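What follows is a single structure, written as C-alpha cells, with notes after it.
If you read the sequence from its start, that first residue is 1, and numbering goes on from there. In this text, all values refer to a predicted model and were calculated from it rather than measured experimentally.
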Amino acid sequence: MRGSQDALRLVLRIDGWSTAVFGVVLLALARPLSPLLGLPVSWAVPFGVAMLGGAAALGLLAAFPRIPARFAAMAVAGNAISAVSMVALAFSPVLPLTGLGVAFVLLGAVTVGVYAGLEYAGLRRVTAPGGRGAVPGSVQEPDTAAR
C-alpha cells in the first residue's frame, strides 16, 4: 500500500463489495429467510435494493482518482446512521423479528459500525494537517514526481 489514501480506498472497496453481497443475499433469499428471521419480504427486498445502491456508490467513490473528502465523509455518515438505525430497529416493535432476526440485525449494525469507524479513521488520517494526501475537498496522495 502506498499510503493513507490507499488504506481508505481499500476499506471503501471492501465495504462496497460486502454490501453488494449482502444485498444480493437479501434479495435472493428474502422468502426463505423471512420465517427464520421474522423479516418480512416486503422489508427485505427494499433493504436489498438499497444495499445494492449503496454498494454502487461506495464502488464509484473508491474508483475516484482523488477521493473527495466530502463524499468519504458521507460514506462514514451513511454507515453510522445505518448502524444506529439497525440497533433501533432490532429493539423496536416495528418488525416481528425472531431472536435470530434480532441477532442478525445487530450483527449487521456492528459490521456497518466497524466500516464507519475504519472509514472515519482513514479519512482523518489523510485529511489531517501535514498528513499524507491533505488536499482541500479531496483525499489524494502527494505527487512524488514533482519532488
Which heavy atom of Ala55 sits nearest a heavy atom of Gly16, and at what distance? CB-O, 3.2 Å

Atom pair CD (Glu119) and CG (Leu58), whose distance is rounded to the nearest 0.5 Å: 6.5 Å

Which atom pair, heavy atoms only, marks the closest approach of Ala62 to Arg13? CB-CG, 3.5 Å

Tell me whether Phe47 shares a hydrophobic cluster with Leu36, the cluster being built from Ile, Leu, Val, Met, Phe, Trp, Tyr side chains joined at under 4.5 Å. yes

Option from Leu106, Val105, Ile81 for which side-chain contact (heavy atoms from CB on, under 4.5 Å) with Met86 holds: Val105

Please name the pair of heavy atoms, one in Thr98 and one in Pro35, separated by the smallest distance, quoted to 0.1 Å. CG2-O, 3.9 Å

With the 4.5 Å side-chain cut-off for hydrophobic clustering, are Leu95 and Leu100 part of the same group? yes

Between atom CG of Leu89 and atom CG of Leu97, what is the distance when rounded to the nearest 0.5 Å? 6.0 Å

Cluster check Met74, Leu61: I/L/V/M/F/W/Y, side chain < 4.5 angstrom: yes

Residues passing the ring pair (Phe, Tyr, Trp, His ring centres under 6.0 Å) test with Tyr120, sequence neighbours excluded, are none

For Ser42, which residues count as a side chain to side chain contact (heavy atoms under 4.5 Å, CB included) partner, sequence neighbours excluded? Pro40

Hydrophobic cluster membership, Phe91 vs Val112, 4.5 Å side-chain cutoff: yes

Shared hydrophobic cluster, Val87 / Trp43 (ILVMFWY, side-chain heavy atoms < 4.5 Å): yes

Which donor-acceptor pairs under 3.5 Å do side chains of residues 18-34 form with protein atoms, sequence neighbours excluded?
residue: Ser18; atom: OG; partner: Ile14; partner atom: O; Å: 3.0
residue: Ser18; atom: OG; partner: Asp15; partner atom: O; Å: 3.1
residue: Ser18; atom: OG; partner: Tyr115; partner atom: OH; Å: 2.9
residue: Thr19; atom: OG1; partner: Asp15; partner atom: O; Å: 2.7
residue: Thr19; atom: OG1; partner: Asp15; partner atom: OD1; Å: 3.1
residue: Ser34; atom: OG; partner: Leu39; partner atom: O; Å: 3.0

Over all atoms of both residues, closest heavy-atom pair of Leu12 and Ala75: CD2-CB, 4.1 Å

